[in-house]
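These notes are about the structure you will find just below.
Proteins come first, then strands; the chains are lettered A, B, ... in the order of their sequence lines, and each starts at number 1.
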Amino acid sequence: MTNSEIAKTLRDIAAVYSIKDEKKHYFQIAAYQRAADTLERLTIEASDLFVQGRLREIKGVGQTIAGYIEEMVKTGKVKHFEELKKTVPPAVFPLLNIPKIGPKTAFKLVSVLKLKRAENVVEELEKKAKKGEIAAIEGFGEKSQSDILRAIEEYYRGKTKTRRMVFPFALEIAERVVSYLKKCPEAKQVEILGSLRRKAETVGDIDIAVASDQPQKVLAWFGKYPEKERVIEVGDATSSILTSGQRQVDVMVQPSGAFGSLLQHFTGSKAHNIHLRTYAQSKGLSLSEYGIKSSKQITVNRKQLIANKKLLYQFSKETDFYEAIGLQWIAPEMREDTGEIELAIKHKLPDLVELKDIKGDLHTHSSFNIEPSHDLGANTIGEMAKKAENLGYKYLGLAEHNPSITAHNNNQIYDLLCRRNMVIEKINTSNTNITLFKLLEVDIQADGNLALDDKILELLDGAIVSIHSSFRLEKDEMTKRILKGLSHPKARILGHPTGRLLNERPGIEADWPDIFEFCQKNNKALEINSWPYRLDLPDTMVREAVKMGVKMVIDTDSHASDQMDVMRYGVYTARRGWATKENILNTLPPDMFRKWLENK
DNA sequence: GCCGTTTTCGGCCCGACTGTTTTCAGTCG
């Protein structure tokens, strides 16, 4: 039972309550949706949290929902939910995946058009729409009929409510839109916001804010974006378009003087904003993208509000907005409502690690051919060193995959590594700007032994140990395997610990609290692998590691010199896990890092 | 159904936009 499956079930239940009696169940519905929201974004499986007795630690999961999740994990379903779902036609649920179709619309369509079977309800609905049967329903018209047809078409082509892209892919789209918007003469300032600004590992849609005194002109400009497929909607201050790649881009415009509150609002997360606004309310203040007003004042429409500055306090800078409600400014990466607001009230937020703190990359693969078991890098050791120098690093770890152990005997492997070490030493003596470390990425075999024997490992300053095979061991066996691999004195870093690939492969199953405890006690480090499809450790696990005092390193796993630029993604992940400089070993100066590496 | 520096009861963020409507319901972020 995965988190997204659990979330889907909770959303279905929220939909059932909406259909039955939305007013009566208003807050219950919100509660189910809130729990689903957090579950979808969680990078730890709820089923694991259940085993550890920690379900209640999930935001928005209280006694009741925790009980339902427990039942789901144990039996695959929830009796109470099964009963509830029987009260609405089954064909309602598949329609909820289609954009712009919510519970009410789905129920009305299914009931009036007598759509019986859940399996083919989308196709049936499409047929009826083409026959003009939707337009004939009361409350619908020609326009809503064609909108539904288009939504179905886009749904077939991959636009659903939950499809997410990996961060750099979304960033690339966003940057193209930004450079286009910046050419608009009326746009004074353009910023990427939303989950992109929070540096979330995956991104749903793209949010951009523009400062301008002429929103209409900016929105008209946006509507002519060359890569757009269509304009989804356009209003006084906001607009959404669909790109040719079926990605949604939302733009909001505010005058420069109110830009600070817009940045805050549009950065989110939703949960962060709700908590922030609830807190402000307790102080008699009402927060929105327009600024801060006293919640006791009569609500007037937006244009009046903006015209009458006495009613509304506006902010050009985001820091001022937070300050006005007595809070420390919160780094966007932390804005997930996982305790950051409480700390900001006390002005005790951690000082997060930054890219400029990084003194070296430790996990890089050169093209020096040690005949490895996995892929070789594309650039020479010298080229990698040069790139590291250009990045301002003080040290660089060469960590090619270990030589294939099926294709060589120990003497051959020994010789291969001696040859590589000579090249490294030559650079170390001739170039005083950078220190190269003799590392290696060594496989932890299925039995927990390292792929190389002790005599060979002695040639190294240290080893990054990783799993590259047998991903599907039982949890206990996997945990023992990792602990055994890490126990070797030369094993210093656990590479891409979970082995997950975003949108492709889930991580391995292991007893992470045990592994974290072992690392903390034995001075081993966990890697935060910056490769955008890995981001491994995931942010929530970084947070756990920080809490337990486990040291980490941020690496790129580069197989070419230009790939060393992805370091920033690892830093983002570390920041989302609330890591400070002190938690990250490769912020240390070279001599101190060497001491750690040699376990002194 | 969740949650707590005001609370274990009584509240629960705030707003945009569209289509089908003459004042609002539904969806979305």
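Under the 6.0 Å cut-off for aromatic ring centres, A:F321 and A:W329 do not qualify, their centroids lying 6.0 Å or more apart.
Residue A:Q281 places at least one side-chain N or O closer than 4.0 Å to OP1 or OP2 of B:dC14. At B:dC13, none of the side-chain N or O atoms of A:S286 fall inside 4.0 Å of OP1 or OP2 (strictly under the cut-off). For B:dC17, one of the phosphate oxygens OP1 or OP2 lies less than 4.0 angstrom from a side-chain nitrogen or oxygen of A:T238. Taking side-chain N and O atoms only, A:K100 has no distance below 4.0 Å to OP1 or OP2 of B:dT27. Within the 4.0 Å cut-off from OP1 or OP2 of B:dC2, at least one side-chain nitrogen or oxygen of A:T64 is found. Checking the phosphate oxygens (OP1, OP2) of B:dG15, a side-chain nitrogen or oxygen of A:K293 falls inside 4.0 Å. For the OP1/OP2 pair of B:dC3 and a distance below 4.0 Å, the side-chain nitrogens and oxygens of A:Y279 include no atom meeting the criterion.
Each of A:T278 and A:Q28 was matched to the nucleotide of DNA chain B holding its nearest heavy atom; the match closer to the 5' end belongs to A:Q28. When each of A:E233 and A:S144 is assigned the nucleotide of DNA chain B with its nearest heavy atom, A:E233 is the one assigned upstream, toward the 5' end.
Atom-to-atom, CG of A:N273 to P of B:dA16 comes out at 15 Å; the value is rounded to the nearest Å. Per the geometry, CD belonging to A:Q63 stands 17 Å off P belonging to B:dT8, to the nearest Å. At whole-Å resolution of the value, CD1 in A:I98 and P in B:dG26 are 18 Å apart. Atom CD in A:E138 sits roughly 13 Å away from atom C1' in B:dA25 (whole-Å rounding). Atom P of nucleotide B:dG29 and atom CZ of A:R247 are separated by 14 Å, given to the nearest angstrom. A straight line from CZ of A:R56 to C1' of B:dC2 spans 9 Å, rounded to a whole angstrom. Rounded to whole angstrom, the span from the CG atom of A:L39 across to the P atom of B:dC2 amounts to 12 Å.
The side chain of A:F27 sits closest to B:dG1 out of B:dC14, B:dC17, B:dG1. Comparing B:dC13, B:dG1, B:dG26 by their closest approach to the side chain of A:K270 singles out B:dC13. Among the nucleotides B:dG1, B:dC13, B:dT5, the one closest to any side-chain atom of A:K346 is B:dT5. Of the listed nucleotides (B:dG1, B:dG15, B:dG29), B:dG29 has the atom at the smallest distance from the side chain of A:H265. Set against B:dC14, B:dG26, B:dC17, the side chain of A:T105 has B:dG26 as its closest nucleotide. For A:D207, taking side-chain heavy atoms from C-beta onward, the closest of the listed nucleotides B:dG1, B:dG29, B:dT18 is B:dG29. Of all nucleotides listed (B:dT27, B:dG19, B:dG1), B:dG1 comes nearest to the side chain of A:Y32. Side-chain proximity of A:R34 to the nucleotides B:dT18, B:dG1, B:dG19 is greatest for B:dG1. With distances taken from any side-chain atom of A:A31 to the nucleotides B:dT18, B:dG29, B:dG1, the minimum falls on B:dG1.
Across the strands present, B:dG19 finds its partner in B:dC24; the criterion is a Watson-Crick or G-U wobble pair with both atom distances under 3.5 angstrom.
In this structure, A:I65 reaches the sugar-phosphate backbone alone: every heavy-atom distance under 4.0 Å involves primed, P, OP1 or OP2 atoms, never a base. Using a 4.0 Å heavy-atom distance criterion, A:S239 is classed as making no nucleic acid contact. At the heavy-atom level, A:F140 lies under 4.0 Å from the strands shown only through sugar-phosphate atoms. As judged by a 4.0 angstrom heavy-atom cut-off over every strand, A:L287 is placed among residues touching the sugar-phosphate backbone only.
Figure legend: A:K85 and A:F93 shown as a cation-pi pair, the cationic atom lying under 6.0 angstrom from the six-membered ring centre and within 45 degrees of its axis.
No option in A:R34, A:H272, A:H275 other than A:H275 meets the side chain to side chain donor-acceptor pair (under 3.5 Å) test with A:D337.
With both ends at atom P, the span from B:dT6 to B:dG11 equals 16 Å, rounded to whole Å. Here, B:dC9 and B:dC14 have their P atoms 26 Å apart, quoted to the whole Å. Between B:dC3 and B:dC13, the two C1' atoms lie 15 Å apart (nearest whole Å). With C1' as the reference atom, B:dC12 and B:dT18 are 27 Å apart, rounded to whole Å.
For the pair A:Y17/A:Y26, no side-chain contact is recorded, criterion being any heavy-atom separation below 4.5 Å from C-beta on. Counting heavy atoms from C-beta outward, A:V231 and A:K228 have side chains that approach closer than 4.5 Å.
A:A135 and A:Q145 make their closest contact through N-OE1, 2.8 Å (heavy atoms, listed as atom of the first residue, atom of the second, distance). Between A:I208 and A:A174, the closest heavy-atom pair is CD1-O, 4.0 Å.
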